[in-house]
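Below: the structure, in structure tokens.
Just so we're on the same page: letters track the sequence lines, and every chain starts at 1. Below, all heavy atoms of this structure are taken into account, side chains as well, without hydrogens, waters or symmetry copies.
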4 protein chains.
Amino acid sequence: MPGINTAVLLISCRDRPGLVHAVAEFVLSIGANILHAEQHIDREAGVFFQRVEFDLSGSGLEPTQVAAAFEPVAARYEMAASVRFSDERPRIALLASHHAHCLADLLGRWRSGELAAEVVAVISNHSKHAALAEFSAVPFHHLPVTPETRVRQESVLVDVLSGNDVEVVVLARYMQVLGPAVLNAFPSRIINIHHSFLPAFVGARPYHQAQQRGVKLIGATAHYATAELDEGPIIAQDVAAVTHRDSIDDLVRKGRDLETVVLARAVRAHVEHRTLVFGNKTIVFS
Amino acid sequence: MPGINTAVLLISCRDRPGLVHAVAEFVLSIGANILHAEQHIDREAGVFFQRVEFDLSGSGLEPTQVAAAFEPVAARYEMAASVRFSDERPRIALLASHHAHCLADLLGRWRSGELAAEVVAVISNHSKHAALAEFSAVPFHHLPVTPETRVRQESVLVDVLSGNDVEVVVLARYMQVLGPAVLNAFPSRIINIHHSFLPAFVGARPYHQAQQRGVKLIGATAHYATAELDEGPIIAQDVAAVTHRDSIDDLVRKGRDLETVVLARAVRAHVEHRTLVFGNKTIVFS
Amino acid sequence: MPGINTAVLLISCRDRPGLVHAVAEFVLSIGANILHAEQHIDREAGVFFQRVEFDLSGSGLEPTQVAAAFEPVAARYEMAASVRFSDERPRIALLASHHAHCLADLLGRWRSGELAAEVVAVISNHSKHAALAEFSAVPFHHLPVTPETRVRQESVLVDVLSGNDVEVVVLARYMQVLGPAVLNAFPSRIINIHHSFLPAFVGARPYHQAQQRGVKLIGATAHYATAELDEGPIIAQDVAAVTHRDSIDDLVRKGRDLETVVLARAVRAHVEHRTLVFGNKTIVFS
Amino acid sequence: MPGINTAVLLISCRDRPGLVHAVAEFVLSIGANILHAEQHIDREAGVFFQRVEFDLSGSGLEPTQVAAAFEPVAARYEMAASVRFSDERPRIALLASHHAHCLADLLGRWRSGELAAEVVAVISNHSKHAALAEFSAVPFHHLPVTPETRVRQESVLVDVLSGNDVEVVVLARYMQVLGPAVLNAFPSRIINIHHSFLPAFVGARPYHQAQQRGVKLIGATAHYATAELDEGPIIAQDVAAVTHRDSIDDLVRKGRDLETVVLARAVRAHVEHRTLVFGNKTIVFS
């Protein structure tokens with residue numbers, strides 16, 4: 001909500017009676033007012049998840065004091081909890097390889113004020129995106145990668161990311177595999193996008209396979225990057241209808257459009273503190 | 001959830017701090033456990049809405065005692081509140097005129113056990129649906145309507161509905177206008193379905209107009225019936241893509257499929273106690 | 001088009017100049033008028049496909065004479081060609097196991113006159129669908145299957161199908177594997193429906209796997225049955241959005257709705273002579 | 001198709017037998033090969049429409065000779081016909097007011113080579129888009145408009161458009177009303193985008209009205225601009241699902257995303273010569 005600084009509490013813990021009450025009591029006790037609250041119970045796992053957004057303006061508490069004030073509640077119920085604020089703007093790095101569509105879209109959303117985040121770096125293994133980054137007034141880092149330099153460049157990448165206090169890494173069609181050095185530094189904070197099909201096509205040239213099989217839908221999936229390539233917790237998905245009239249070029253183009261919107265949706269959910277990862281699954285609060 | 005009888009509390013009142021807490025405290029106080037809770041605040045109107053579903057199995061309270069137990073909370077916060085139970089099965093009457101698609105679909109969902117309701121009457125101004133009703137073991141009422149008999153038949157209709165303790169009236173393509181006698185007897189409990197277009201087409205033969213205009217989408221809207229024809233609070237909507245290749249017959253057929261799924265979605269939301277009407281708007285909890 | 005008997009020519013052959021002209025010349029030469037024509041060229045394979053629908057009413061030719069009249073054109077260009085008529089109503093058998101949703105939907109479409117076909121048999125390994133078949137005035141065949149009787153029952157099934165001059169076999173959630181005796185008797189004429197996911201889940205209980213993975217979309221695919229289970233040429237596909245709030249029961253229910261509409265769409269395309277199978281791909285003319 | 005220069009023939013005329021044949025014969029006679037052909041008959045109006053795409057590479061004819069060669073066929077059947085070529089790149093002007101989303105998207109598609117056109121001018125009544133135009137290496141024209149200067153600026157606008165040999169004018173969220181001077185200069189060549197709702201909301205602040213009514217879908221429509229504001233022939237439409245949880249800001253944001261994709265789809269159809277306007281309807285060939 002424009003103009004109001006709200007706090008967001010993200011909680012997960014073993015399910016038991018009294019959790020909603022305990023959180024609501026906390027919010028009331030600090031003189032704040034709940035604006036949104038949504039909870040989910042994973043019955044098979046017996047786990048409780050909650051996202052509570054509240055207005056601090058009537059509260060005596062400073063934002064910096066909220067986490068400490070909640071500490072006793074979290075301890076009592078053994079909650080994993082984090083507190084974020086709507087006027088915090090997570091620092092984002094955008095990584096791209098050859099294609100510019102996701103990069104240009106995210107930068108455009110950011111320039112228009114739509115993305116509640118700070119884009120602090122554009123990083124690419126190609127130099128071609130320098131002008132787009134400059135136009136958006138974002139520092140550009142050219143980190144070319146060859147089989148020989150991969151390991152070394154990954155450590156440079158980690159340096160650039162930490163040197164810029166980056167919290168969220170968006171792989172906006174970044175086609176280099178990331179090793180454990182990067183993945184472990186940003187658990188559930190690297191967002192990737194890739195194409196998806198029904199059925200799935202394993203191996204090279206999936207669009208060729210999809211066309212050969214005559215699929216009627218193509219898709220895209222945004223997920224958190226994990227060591228299992230393209231297998232991390234799903235954040236967002238969408239599909240588009242295709243027909244036999246679509247050439248492979250058409251499929252690729254429609255795939256680009258899907259990648260653009262699905263990645264933007266996932267980044268938006270993340271920076272608005274609406275995602276919670278549990279196992280290999282993402283709870284996306286609405 | 002199969003096997004568990006849950007209670008559903010639907011609440012609306014003026015927004016103020018402490019509402020979520022008060023409801024959570026009530027649920028805790030009766031020894032019940034919240035399974036789902038969703039709230040919404042209409043900021044312009046300053047109104048709070050909540051749907052809370054809780055498991056009574058650990059509670060000492062009988063279902064019949066819950067409403068009275070909640071009474072003090074409702075009074076303190078001037079809440080409009082209702083309590084329903086997942087094992088209650090609202091008694092439904094299905095009204096249809098010529099077309100059978102919505103009627104057959106709803107009866108099929110009910111026979112398969114998908115619809116948490118009891119279909120107690122099929123009512124039509126035509127006799128043709130008698131066999132379908134009989135196949136589904138639902139009593140059929142033939143209430144032919146002519147300009148001369150309209151007023152009298154409407155009073156017969158109200159008698160049939162009240163004689164069967166009907167709670168929810170589904171206009172499954174029932175093409176007779178309902179007068180105040182029926183509308184007032186079932187406020188926010190008559191569900192209607194009709195076609196929708198972008199842009200809207202006023203007057204007769206909307207599918208012809210839509211085709212003449214070359215629309216690329218047709219739609220259907222399910223809403224609560226009010227005195228303003230087709231203008232009541234919207235419950236569900238959907239659209240389908242069409243092209244210049246679609247004949248008017250094709251549009252009508254695609255429209256039928258939309259009507260079927262959108263009406264089923266609306267009926268489902270209603271019988272699961274997921275709707276709250278406020279002004280000319282329906283809050284549909286997820 | 002209601003009221004006009006049209007002929008449909010379905011053609012495939014090696015691509016070369018003059019094919020569209022040759023077919024148009026044929027239609028003109030018999031005094032008929034083209035109503036729709038759509039062609040497709042598979043560039044990788046170098047194959048031409050065409051569907052031409054024409055009005056015979058101004059022609060001296062009887063429908064039964066069209067195929068022979070076209071024979072010389074087909075021979076000259078080495079075309080695989082078939083001629084069908086809009087007033088032909090392909091004879092369909094509907095096979096179902098436990099679930100009734102696809103069966104009830106297709107019977108309802110047929111009763112309403114929407115399906116340009118003749119449903120001549122409902123066949124099930126369960127007896128429960130007898131009443132539904134009877135209500136629709138379609139003969140019901142109960143063919144229970146056990147591991148011991150599978151081979152023998154499959155030969156009975158082929159007898160029932162041929163005894164009824166069945167042209168199209170629709171597996172409306174028929175959960176028995178069909179062997180070569182059936183598959184070979186109905187090449188590209190057995191339509192199956194099954195669930196689909198992005199990503200695909202191999203093995204048992206796919207809806208459980210999908211929920212565990214937190215997918216945001218579930219899908220259904222209709223295809224021609226081949227020896228490779230669930231791998232035949234795709235006719236139609238669709239998806240529905242799901243969230244973490246959807247229980248496995250919700251996923252299954254949404255999956256049923258998808259199966260119903262996708263199978264109906266595929267059957268419709270087939271009986272209107274709008275499908276051509278090439279390799280493992282279906283051209284679906286619009 | 002990359003690498004092949006193809007010709008596109010767009011035809012409309014009174015329907016009669018022999019039209020498909022006449023066109024196919026023409027293509028054959030000039031030694032060309034049909035790649036795609038699609039026709040449509042508007043039965044109520046008795047009008048035939050066709051789009052034929054053919055490969056000239058085996059033909060003795062130069063592209064510039066095709067129109068003249070077709071002239072006799074067009075005359076014989078009284079066809080309105082136009083010939084375009086896939087390597088022609090229509091010259092486009094993009095007009096925008098305050099919002100950049102459609103402008104940035106179209107420029108991005110153009111820079112990536114996806115749009116088969118030449119963007120030759122960005123025109124705005126605000127100066128803010130100068131940098132975006134410059135980044136894309138497109139000349140920027142600042143034409144501020146006040147009630148006093150409107151008429152004069154419109155004539156300047158026509159001068160800029162004709163001075164740049166502009167063929168297609170894209171109103172990429174250009175919020176100034178265009179008068180007859182511009183509209184008449186570009187019949188069926190000005191593409192506009194605007195929001196759409198089911199039901200439609202007349203008057204100011206439609207998103208507020210939509211939220212107040214509790215609509216479950218919002219939409220966008222791209223159409224050719226005519227004197228009837230927002231009532232011209234529809235080229236493309238799409239919708240997105242919304243709920244009561246969406247604030248007006250959310251509706252506006254989802255509306256922007258719809259506007260972006262729907263306008264891009266319409267522009268693409270136009271520059272690929274896949275649209276034919278007939279009355280108040282657009283045939284969009286696939």
Item to check | Closest-packed option against chain D by number of heavy-atom pairs under 4.5 Å, given A:Ser247, A:Ser286, A:Ser136, A:Ala264 | outcome: A:Ser286

Next on the checklist: Which one wins on heavy-atom pair count under 4.5 Å against chain D: A:Arg256, A:Arg111, A:His99?
Outcome noted: A:Arg256

Item to check | Closest-packed option against chain A by number of heavy-atom pairs under 4.5 Å, given D:Glu114, D:Glu134, D:Arg253 | outcome: D:Arg253

Item to check | Heavy-atom proximity to chain A below 4.5 Å, by part of D:Ala100 | outcome: neither

Checklist entry - With the threshold set at 4.0 Å, does a side-chain nitrogen-carboxylate oxygen contact exist between A:Asp257 and D:Arg109? => result yes

Next on the checklist: Please classify the contact of D:Arg265 with chain A as side chain, backbone, both or neither, using a heavy-atom distance under 4.5 Å.
Outcome noted: neither

Next on the checklist: If I measure from the heavy atoms of chain A, does D:Asp246 come under 4.5 Å with its side chain, its backbone, both, or neither?
Outcome noted: neither

Checklist outcome for this item: Pair count under 4.5 Å, heavy atoms only, with chain A: among D:Leu132, D:Val261, D:Thr260, D:Asp105, highest is D:Leu132

